[in-house]
Number of protein chains: 2
Amino acid sequence: MQEVFRALADDKRRDILMLLSDQDMTIGDVVDKFDITRAAVKKHLKILEEGKLISVHVRGRERINRLEPMAFQAATEWLSFFSQYWDTHLNKLSTAIENEQGENNDKHNN
Amino acid sequence: MQEVFRALADDKRRDILMLLSDQDMTIGDVVDKFDITRAAVKKHLKILEEGKLISVHVRGRERINRLEPMAFQAATEWLSFFSQYWDTHLNKLSTAIENEQGENNDKHNN
DNA sequence: TTATAATAATACCTTTTGGTATCATGTCAA
DNA sequence: TTGACATGATACCAAAAGGTATTATTATAA
């Protein structure tokens, strides 16, 4: 989990993920899209790999980097807790309103 | 966007968010839950605030930290691109299979 | 087989991060 | 008003992050 969010925490790495969503790429392909050195790109790809957001497939002397879309689910699920939280609190609010109305009705009935 | 993912990239900060999902808390409340100093907690809260994941409400000499669940949507939406990507590729795959079958049928018809 | 292309590995540098300790400020309550 | 409490603000430190440059490997193609 930590590795996933760490991998997502950098602008360039998120850009790389967008690139890879279009097509698999070698390190060289990725380097051409940025103004940083091959070594820097390599480090980013390593961090993405540690977060399992990409997989690497060696083909001869090339290294194909491929998106692993399923890995994003870990992050999505963690975040979904908070949208659920939001729903829950909306429900609490509407329940509170209903109870308030119920109490008022009771008062009327007394 | 960067600020949101940056805020989510630390274990303790994600823990703090979970705490705040249960109830609003002062800095002191949060400090009691961890083994780090008040100043360190303050820094984490500042980063969470910069990501707009929490809001701060001053009440006398206290500082109430409150979760802002809507802010999580920014991250969720970014991630949703990749689940969509996954769907798209599944569709491509099934379309390819259908086409393959179509071609086979043509061959049979010839 | 040998030069070259693609990548790996290492050392090094600067900035950011996560943390501490210390001192200053503002607010409540007696 | 004055002491204690909650927080704010600095200064400082070690480690991690993001980057460069340089030096190996390894694999392909002539």
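Because the structure is predicted, anything quoted here is derived from the model rather than measured. So you know, we letter chains A, B, ... as the sequences are listed, proteins then strands, and number each from 1.
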Check: So which of residues 28-54 of chain A are in contact with DNA chain C, with a heavy-atom cut-off of under 4.0 Å?
Finding: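 Residues of residues 28-54 of chain A that come under 4.0 Å of DNA chain C are, in numerical order, A/Gly28, A/Arg38, A/Lys42.
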Note to self: Let's see if you get this right: which residues in residues 8-16 of chain B place a heavy atom under 4.0 Å from DNA chain C?
What the structure shows: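 Only B/Asp10, B/Lys12, B/Arg13 qualify.
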Under the side chain to side chain contact (heavy atoms under 4.5 Å, CB included) test, residues paired with [X] that sit two or more places apart:
{"X": "A/Asp29", "result": "A/Met25, A/Thr26"}
{"X": "A/Thr76", "result": "B/Leu79"}
{"X": "B/Asp15", "result": "B/Phe34"}
{"X": "B/Ala7", "result": "B/Ile47, B/Leu48, B/Leu53"}

Check: Quick one: side chain to side chain donor-acceptor pair (under 3.5 Å) partners of A/Gln73, sequence neighbours excluded?
Finding: none
Distances under 3.5 Å between protein N/O atoms and the N/O atoms of nucleotides 25-30 of chain C, please, pair by pair.
none

Checklist line | Range on DNA chain D touched by chain B - first to last nucleotide, heavy-atom distance under 4.0 Å | finding: D/dC5 to D/dG8
Does one hydrophobic cluster hold both [X] and [Y], with members joined at side-chain heavy-atom distances below 4.5 Å?
{"X": "B/Met18", "Y": "A/Val4", "answer": "yes"}
{"X": "B/Ile27", "Y": "B/Leu19", "answer": "yes"}
{"X": "A/Leu8", "Y": "B/Phe81", "answer": "yes"}

Next item on the list: Any ring-ring contact (aromatic ring centres under 6.0 Å, His included) involving residues 2-26 of chain A? Give me the pairs, sequence neighbours left out, ordered by first then second residue.
Entry: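 For residues 2-26 of chain A, and leaving out neighbouring residues, the ring-ring contact (aromatic ring centres under 6.0 Å, His included) pairs sorted by first residue read A/Phe5-A/Trp78.
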Checklist line | Whole angstrom value for the distance that separates C1' of C/dA6 from CD1 of A/Ile64 | finding: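 It is 11 Å, rounded to the nearest whole Å.
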Next item on the list: Mind jotting down which residue pairs meet the side chain to side chain donor-acceptor pair (under 3.5 Å) criterion with at least one end in residues 32-48 of chain B? Sequence neighbours excluded, please.
Entry: B/Arg13-B/His44
Margin query: For residues 49-64 of chain B, which residue pairs pass the salt bridge (charged side-chain N to carboxylate O under 4.0 Å, His left out) check, not counting sequence neighbours?
Written below: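 Residue pairs passing salt bridge (charged side-chain N to carboxylate O under 4.0 Å, His left out), neighbours aside: B/Arg6-B/Glu50, B/Glu49-B/Arg63, B/Arg59-B/Glu62.
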Item checked: Stepwise side chain to side chain contact (heavy atoms under 4.5 Å, CB included) test for B/Asp24 and B/Asn65 -> CA-CA 6 Å; B/Asp24 298 349; B/Asn65 298 279; over 6 Å; no
